[in-house]
Undergrad: 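Structure in structure tokens, see below.
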Amino acid sequence: MELDPLLLSRIQFAFVVCFHAIFPVFTIGLASFIAVLEALSFKTGQPVWQRLSKFWIQVFAVVFGMGVVSGIVMSFQFGTNWSNFSYATANFLGPVLSYEVVTAFFLEAAFLGVLLFGRDKVPQGVHLFAAIMVALGTFISSFWILSANSLMQTPGGLELREGMYHVVSWSQALFTPSFGYRFLHMALASFLTAALVVAGVSAWFILQKREFDSNRKALSIALWMLLILAPMQVVVGDFHGLNTLEHQPMKVAAMEGNWQTDTGVPLLLFAIPDQAAQTNHFEVGIPNLASYILTHDWQGEVPGLNEVAPEMQPPVFLVFWSFRIMVAMGLLMVFFGLAGWVLRYRQKYHQSRWFLQSLRWMSLTPFIAVLAGWVVTEAGRAPWLIYEQMTHAEGLTPSLTGGMALFTLIGYVVVYSLVFSAGVYYLLKVFRGGLEKANQPHEQDEVERAKRPFSAAHASLEGEN
Amino acid sequence: MEQPFDLTLIWAVIIAFGVMMYVLMDGFDLGQGILFPFAPDEHYRDVMMNSVAPVWDGNETWLVLGGAGLLAAFPLVYSVFLPALYIGVFLLLAGLIFRGVAFEFRFKAKTSRYLWNWAFAGGSTVAAFAQGAVVGAYIQGFATENFRYVGGAFDWLTPFTVITGLGLVAGYALLGATWLIMKSEGEVQQWAYKLTPRLLLAVLVVFAVISVYTPFVDPKVMERWFSGLSFIWLLPLLALYCAWSIYRSVQKQQEGLPFVATMGLFLFTYLGLLASKWPYMVPPDYTLWDAASAYESQLFLLLGFLFVIPIVLAYTAWTYWVFRGKVKATGYH
């Protein structure tokens, strides 16, 4: 069998980027949560906020460490596997990524050290400032990287001269038509991720009757966030979808599994898209609803995949189902936000066992939703790397062979599996240790404390803590 | 197109400075990993790791900046070096990941501690070797056609690049040992004093081999150095002076000077290398002007850098100050 460097490179990029994405999406939201806890502690002086903060900072430290390690790989992927793309877009992508490093990464790296280890070395106000700077850094970082991604989805402000794009307008290139929606959608996703993980872990502690007062407060904050943000996300997601319809109609056609441009298109709840036959099997749908959602007219016209040649269509099955998974997760979040609200007025949100048990499982949903969402937007852009300008094949490194790509693909899978299992294993230990362990007075000294992300967490790697 | 300033030249200076910063800063902490297997016991390793733990990931941020900065200012370097060094880049990244994770896990581990020791040592050594091989590959040059790399997967791996790889491993170990002299006390410091002259000898031997070898790898280098006596001959002389000063300061048991002199040794060797290859950025065909990005992109980033970098340096210095002082085995001050 001939190894295809294009396919292998796409798999490799999808793998490393998905692996990486789950960490920042969590830390962006969690950094803000920690800043809020630190601010409450600073303002009220109640010990409960600091107890919570000390625990969640430990969790943050581990997840952030994993994000940094996997992120280093990302900045080299563009060059190793997509050198034609990098070279062509360097005039835009280079400055954007460099700005991300100098405005965000350095900020995070420097103030994280103070946040983790400076509690006794700097005044409380300065410590709070460090927490806010770390949170700010995570947002600045997502600004730049989403700007870069949006340009690939809805290019603007560029001009192609002699094989290289030149930036003719920085404001148009940085703020392309899809950027605002994408940024808001991701920011809400990050907050929802933090809210659901905090809710799930707090619920688990409450079920175990551990540190009830502190964990109830954390759960309460998380449920308020869920109640407000989950419906907001549905609305923002809808606007993002309309923006996609305007600029990338084939992506929407794949999301809806709509093969023929038509009016009065049904919203499909279930279907098995068959790309070879250019049709769906076993369709179950609600008549006219897709037309209504996308055009706000029951008879509105929805573009179909037949508008482009089959080889220029995105992988429909993947996009169709990833989209449904994302929406299902979103609706579950809305439901649990409302359920928490109802239970709150019966004073039962911290007592209902089914609710607390379900929240534990709900903490997985934001990660599933985020990955599914990114599959929709990235695979939905195929075969384009830069929409309607450069295909994946054109962006590939010309000297890359299938053997080389396979070697590194296997390599990254092995390396990441080792790192990821160790990281998750350790994170679970931190959870098990809970607030009690995080707030133990620490007689252990400099040797035990490497002053790096994981060192902020006090659990031991093996055995019973 | 005539421009008021030659921004390409300014960017060449910035990138050259950034690479030097990375080499010096990550060099001493990679050096701890290279020396790890030779440490007499776990107590030494604890101190070694602690001496670099608060700063190493900030140091590696310079590497990410190097990658992004090259893409911004000299995209041809980014899009030729990375495909050409494809396998080497993977080894470098895998090495950095393993040592990064080892930092986090070693202190948590008890029975599996030896595994993390190996991850730290192996990862650091592989990363250092890969970086040295990149230097060698740069001296060798790349097969390119029409601004694209056209060579094979292992063109970079030659006897010459193996020597440059080993050279950087020895060099980083020397930086690591002299750093340890500065940051430790007692038996650990004495051990570092004992190591330094041996590492210095190893470095000088490898550097001598490379210096003799290089003109034969690239005839342009031969011409540059041997077509008459010029001021560039000062650079190797200054490097040798630094080497002598490392030796003397270790004899006198001075604490700071060995590290400073080692940085000097690196600096003058590095400048010597740049003088050899100037103005070629992607040898043998492309100069820095061929490799440069568009004027407006260089300007856009430069204006931001002038504003942001001083702030970055200020708060980075502040965090070094917060965590100042000697690293001890137990207790804190």
Side-chain angles (χ1 to χ4, degrees), chain A residues 65 68-69 72-73 75-76 78-80 83-84 86-87 90-95 97-103 105-106 109-111 113-114 117-118 121-122 164 166-167 170 397-401 404 407-408 411 415 419 422 426 445-448 450-455 459-463, chain B residues 46 49-50 53-54 57-58 60-61 64-65 67-69 71-73 75-76 78-79 82-83 86-87 89-90 93-94 96-97 100-101 103-105 107-112 147-151 153 293-294 296-297 300-301 304-305 308-309 312 315-316 319 322-323 327-332:
Chain A
V68 169
V69 167
I72 294 178
V73 174
S75 69
F76 290 91
F78 303 118
T80 50
S83 70
N84 276 358
S86 320
Y87 187 68
N91 285 328
F92 171 75
L93 214 53
L97 295 180
S98 302
Y99 268 121
E100 185 183 10
V101 179
V102 295
T103 58
F105 292 172
F106 279 113
F111 285 100
V114 179
F117 306 106
K121 291 191 168 63
V122 296
M164 265 185 118
H166 288 251
V167 180
W170 282 101
T397 297
S399 59
L400 189 67
T401 63
M404 288 159 78
F407 173 78
T408 55
V415 172
V419 173
Y426 188 65
D445 37 52
E446 293 306 292
V447 169
E448 291 290 315
K451 294 216 196 67
R452 274 331 318 152
F454 285 21
S455 338
S460 147
L461 194 57
E462 317 104 351
Chain B
D46 289 344
M49 216 168 196
N50 268 333
D57 77 339
E60 286 187 1
T61 309
V64 179
L65 180 62
L71 178 63
L76 188 65
Y78 187 86
S79 63
L82 292 180
Y86 190 84
I87 303 290
V89 169
F90 170 75
L93 294 175
L96 290 179
I97 289 173
V101 175
F103 262 108
E104 312 293 4
F105 285 133
F107 289 105
K108 307 294 172 194
K110 294 185 186 84
T111 47
S112 64
F147 297 96
R148 302 282 185 274
Y149 177 70
V150 293
S293 60
E296 63 273 12
S297 297
F300 176 70
L301 190 58
F305 268 33
V308 177
I309 292 287
V312 170
Y315 64 62
T316 305
T319 56
V322 168
F323 298 110
V327 178
K328 296 183 185 181
T330 51
Y332 194 75

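Chain letters run A, B, ... following the sequence lines, proteins first, then strands; residues in each count from 1.
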Undergrad: Taking atom CG of B:Leu93 and atom OG of A:Ser75, what is their separation to the nearest 0.5 Å?
TA: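 So the CG of B:Leu93 and the OG of A:Ser75 are separated by 7.5 Å.
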Undergrad: When heavy-atom pairs shorter than 4.5 Å are enumerated against chain A, which of B:Thr319, B:Ile97, B:Leu96, B:Val308 gives the highest number?
TA: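 Heavy-atom pair counts peak at B:Ile97.
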Undergrad: According to ring-ring contact (aromatic ring centres under 6.0 Å, His included), who are the partners of B:Phe90, at least two apart in sequence or on a separate chain?
TA: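 B:Phe90 satisfies ring-ring contact (aromatic ring centres under 6.0 Å, His included) with A:Phe407, A:Tyr412 once adjacent residues are dropped.
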Undergrad: What part of A:Ile72 lies closer than 4.5 angstrom to a heavy atom of chain B: side chain, backbone, both or neither?
TA: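 Its backbone and side chain both get close to chain B.
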Undergrad: Minimum heavy-atom separation for B:Arg148 to A:Asn84, with atom names?
TA: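 Reported closest heavy-atom pair: NE-OD1, 2.6 Å.
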Undergrad: Nearest 0.5 Å please: distance from the CZ atom of B:Phe105 over to the OH atom of A:Tyr426.
TA: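 Nearest 0.5 Å value for the CZ-OH distance: 8.0 Å.
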Undergrad: Checking A:Thr80 side chain against B:Leu82 main chain: does a donor-acceptor pair fall under 3.5 Å?
TA: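 Judged by distance alone, no pair lies under 3.5 Å.
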Undergrad: What are the two closest non-hydrogen atoms of A:Pro95 and B:Leu301, and how far apart are they?
TA: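 Taking every non-hydrogen atom into account, O-CD1, 3.7 Å.
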Undergrad: Side chain from CB out, backbone as N, CA, C, O: work out which of these in B:Leu76 comes under 4.5 Å of a heavy atom of chain A, or both, or neither.
TA: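 Both parts, backbone and side chain.
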Undergrad: Heavy atoms only, distances under 4.5 angstrom: which of B:Gly304, B:Ser79, B:Gly69 has the most pairs with chain A? Name it, please.
TA: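 Most heavy-atom pairs within the cutoff with chain A belong to B:Ser79.
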Undergrad: Given that the side chain runs from C-beta out, which part of A:Thr397 has a heavy atom under 4.5 Å from chain B: side chain, backbone, both or neither?
TA: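 It is the side chain, since no backbone atom gets that close.
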Undergrad: So, do A:Tyr99 and B:Phe300 have ring centers that fall under 6.0 Å from each other?
TA: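 Yes - the distance between ring centres of A:Tyr99 and B:Phe300 falls below the 6.0 Å cut-off.
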Undergrad: Look up atom CZ in A:Phe92 and atom CG in B:Leu71, then write down how far apart they are to the nearest 0.5 Å.
TA: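 One finds 11.0 Å between CZ of A:Phe92 and CG of B:Leu71.
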Undergrad: Measuring heavy-atom distances to chain B, does A:Val73 have an atom under 4.5 Å in its side chain, in its backbone, in both, or in neither?
TA: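 When you check distances to chain B, atoms from both the backbone and side chain of A:Val73 fall under 4.5 Å.
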Undergrad: If you count heavy-atom pairs within less than 4.5 Å of chain B, which of A:Trp170, A:Phe76, A:Phe105, A:Phe111 leads?
TA: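 Looking at each option in turn, the highest pair count goes to A:Trp170.
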Undergrad: For B:Pro83 versus A:Ser399, what's the shortest heavy-atom pair and its separation?
TA: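 Distance-wise, the nearest heavy atoms are CB-OG, 3.8 Å.
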Undergrad: Do B:Tyr149 and A:Ser83 have side chains that get closer than 4.5 Å, going by heavy atoms?
TA: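 Counting from C-beta outward, B:Tyr149 and A:Ser83 never come under 4.5 Å.
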